[in-house]
Asker: 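Please find one structure pasted underneath; my questions will follow.
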Amino acid sequence: MTQMETVNHEDMGTFDSLDVELLNVFKFFNQEPAVYGVDLQVKQGEFFSILGPSGCGKTTTLRLVAGFEVADAGKVMIQGKPMTNVPPYRRPVNTVFQSYALFHHLNIWENVAFSLRLKNIPRAELEKRVQEALCLVKMEGLRSRFPAQLSGGQQQRVALARALVNRPAVLLLDEPLGALDLKLRKEMQMELANLHQELGMTFIMVTHDQEEALSLSDRIAVMNQGKVEQIGTPSQIYEQPQTAFVADFIGDTNLFSGKITKVDGTHIQIETQQGMKIIILRNHETLTELGKAVVVSVRPEKIQLSLYQPSIVTNCYEGHLVNVMYLGTHVNYIVALANGVNLTVMQPNTFGSLPDADTPIYAWWAENDGLALGID
């Protein structure tokens, strides 16, 4: 175990202790709410992501933790201490920005050492910590180069090293991979996951990339219009969205608006505006009020297709293909139902021949693959 790892694991306690807590936090710009009553609890050692569309308040939330913005109401706590009057440079956090924010007139070693020099760290200790940080991000061999001589991925590694060299309790990541191309982004996602596992440090990442958040995070907060819509594990966010916004924003889904028309001990029937009758299984979280307006979410990969009418009678609809898109590992189908509704269907590529557009087809899904969500 390296010295940096030792420092970061020291006094960590249990995974359930909190490193960051936001309590009913508000932030306004020109009297418009950017963050509205946000409550968050980030556990020590957790990889926590804040996910949402542009303008939802996720970056402002991160800046409130970093101290670059000051909350208009509520409390920001780090390691159990209120941060109300604590400036950014005195908070036990460091931020990695999308733009890298490297000093282009300094070489890599000097960039990483910069903050330690400001703190008057003794030379021997400074050398050791800079070397450790560069080794962690596999950049020790390029210490004499300047930022302009590095690729985007290498610059991002240097930005990470510069943040880690201060040994923060919490690493804040503001769209850290947003400037990278797709292949390099995938590689850096793996690097981040490995780094988090190796250090055991608390990571808080802001991103609009759903796949990135789902693949890297222990838990995710989904934000919309300054508010937190849902917090949960990646599987909870994807499989059990609590609102129509979360269902629609995370991955792809088919949404059907309608009303509850029948309820029994095991099933609920929803009739849509187009006359579809959708049956879902009832559980303790399912809405059961007759006449209540709901939105039914069905993921594209849950829908089955057949050229022949199947024996299933519930959630089975006749239509025809209007679009077939080959995506390598999967095939994306658009099915126009007889009632005018278009379904998106995603199926694994089994290397068989693909049906042509306009082919008559049946689409169906199981009763436990639909989810009824309330409408605000």
Side-chain angles (χ1 to χ4, degrees), residues 52-53 210 214 222 224-225 229-230 232 235-307 309-325 330-348 355 357-376:
Q210 303 140 35
L214 290 171
V222 182
N224 179 34
Q225 297 182 340
E229 293 260 339
Q230 184 175 348
S235 62
Q236 288 171 340
I237 294 290
Y238 187 82
E239 300 288 352
Q240 301 160 23
Q242 294 175 357
T243 67
F245 173 83
V246 174
D248 193 34
F249 185 75
I250 305 297
D252 296 316
T253 195
N254 296 280
L255 296 176
F256 309 93
S257 298
K259 292 183 178 180
I260 297 175
T261 56
K262 190 181 296 184
V263 178
D264 62 27
T266 57
H267 295 83
I268 294 173
Q269 177 179 285
I270 295 98
E271 187 165 341
T272 72
Q273 297 167 353
Q274 295 81 16
M276 296 171 65
K277 292 183 179 179
I278 300 174
I279 308 297
I280 66 172
L281 288 182
R282 175 177 177 175
N283 60 44
H284 67 281
E285 296 178 347
T286 306
L287 303 167
T288 58
E289 181 184 342
L290 285 174
K292 182 173 180 58
V294 296
V295 172
V296 177
S297 170
V298 183
R299 296 289 187 187
E301 68 272 15
K302 306 291 188 182
I303 300 176
Q304 306 299 317
L305 297 177
S306 174
L307 296 174
Q309 185 169 5
S311 58
I312 187 171
V313 293
T314 59
N315 304 330
C316 182
Y317 310 95
E318 186 177 0
H320 66 276
L321 290 174
V322 294
N323 193 282
V324 179
M325 295 193 319
H330 289 75
V331 181
N332 190 80
Y333 301 93
I334 303 297
V335 179
L337 302 183
N339 58 18
V341 172
N342 281 354
L343 289 180
T344 299
V345 182
M346 183 76 76
Q347 294 194 336
D358 293 328
T359 300
I361 206 158
Y362 290 88
W364 81 96
W365 60 86
E367 295 168 351
N368 61 348
D369 286 333
L371 187 65
L373 305 168
I375 299 176
D376 294 334

Asker: If you count heavy atoms of other groups shown closer than 6.0 angstrom to CG of Asp252, is the number above 12?
Answerer: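 Check fails, neighbour count at 12 or below.
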Asker: Using every non-hydrogen atom in the two residues, find where Gln230 and Gln242 come nearest and quote the distance to one decimal.
Answerer: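 Closest pair (atom of Gln230, atom of Gln242, distance): OE1-N, 2.7 Å.
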Asker: Does Phe249 offer a backbone N or O that forms a donor-acceptor pair with the side chain of Gln210 under 3.5 Å?
Answerer: yes
Asker: Quick check for you: to the nearest 0.5 Å, what is the distance between Asn332 atom CG and Met346 atom CE?
Answerer: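 Result: 4.5 Å between the selected atoms.
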Asker: With a 4.5 Å heavy-atom cut-off, do Gln274 and Leu337 have their side chains touching?
Answerer: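 Side chain of Gln274 against side chain of Leu337, heavy atoms only: no contact under 4.5 Å found.
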Asker: Run the numbers on Thr314 and His267 for side-chain contact (heavy atoms from CB on, under 4.5 Å), then give the verdict.
Answerer: CA-CA 11 Å; Thr314 59; His267 295 83; over 6 Å; no
Asker: Would you compute the distance between atom CD1 of Ile279 and atom CG of Asn368 and round it to the nearest 0.5 angstrom?
Answerer: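 Here the interatomic distance stands at 13.5 Å.
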Asker: At what distance, to the nearest 0.5 angstrom, does CD of Glu301 lie from OG1 of Thr344?
Answerer: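 Answer for the CD-OG1 pair, Glu301 versus Thr344, is 11.5 Å.
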Asker: Could you check whether atom CD of Gln225 has more than 12 heavy atoms from other residues, nucleotides or ligands sitting under 6.0 Å from it?
Answerer: no
Asker: Between Glu271 and Thr261, is a side chain to side chain donor-acceptor pair (under 3.5 Å) present by the stated rule, with each step listed?
Answerer: CA-CA 6 Å; Glu271 187 165 341; Thr261 56; 4.6 Å; no
Asker: Yes or no on side-chain contact (heavy atoms from CB on, under 4.5 Å) for His320 and Ile361, after CA distance, side-chain angles and deciding distance?
Answerer: CA-CA 5 Å; His320 66 276; Ile361 206 158; 5.6 Å; no
Asker: Any side-chain heavy atom of Val295 within less than 4.5 Å of one from Ser257?
Answerer: yes
Asker: To the nearest 0.5 Å, tell me how far Ile268 CD1 sits from Ile278 CD1.
Answerer: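 Between atom CD1 of Ile268 and atom CD1 of Ile278 there are 12.5 Å.
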Asker: How many angstroms lie between CD in Glu239 and OG in Ser297, if you round to the nearest 0.5 Å?
Answerer: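 Going from CD on Glu239 over to OG on Ser297, the span is 10.0 Å.
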Asker: Which heavy atom of Gln347 sits nearest to which heavy atom of Ile303, and what is that distance?
Answerer: NE2-O, 3.5 Å
Asker: Which class fits the ring pair Tyr317 and Trp365: parallel under 30°, tilted 30 to 60°, perpendicular over 60°?
Answerer: tilted
Asker: Yes or no on side-chain contact (heavy atoms from CB on, under 4.5 Å) for Arg299 and Asp369, after CA distance, side-chain angles and deciding distance?
Answerer: CA-CA 8 Å; Arg299 296 289 187 187; Asp369 286 333; over 6 Å; no
Asker: Quick one: are Leu214 and Ile250 in side-chain contact, heavy atoms under 4.5 Å?
Answerer: yes
Asker: Minimum heavy-atom separation for Gly251 to Tyr238, with atom names?
Answerer: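 In this case the closest contact between Gly251 and Tyr238 is CA-CE1, 4.3 Å.
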Asker: Which atom names give the shortest non-hydrogen contact between Thr253 and Val298, and what distance separates them?
Answerer: OG1-O, 3.3 Å
Asker: Determine the minimum heavy-atom distance between Ile280 and Ala372, stating which atoms define it.
Answerer: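 Heavy-atom minimum between the residues: CD1-CB, 3.5 Å.
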Asker: For the atom pair CD (Gln304) and CD1 (Ile312), what is the distance rounded to the nearest 0.5 Å?
Answerer: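 Atom-to-atom, Gln304:CD and Ile312:CD1 are 9.0 Å apart.
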Asker: Using the rule given for side-chain contact (heavy atoms from CB on, under 4.5 Å), can you reason through Leu371 versus Leu373, listing the C-alpha separation, both sets of side-chain angles and the distance that settles it, and then say yes or no?
Answerer: CA-CA 6 Å; Leu371 187 65; Leu373 305 168; 3.9 Å; yes
Asker: What's the shortest heavy-atom distance between Leu305 and Ala363, and which atoms?
Answerer: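 Scanning both residues completely, I find the closest heavy atoms to be CD2-CB, 3.8 Å.
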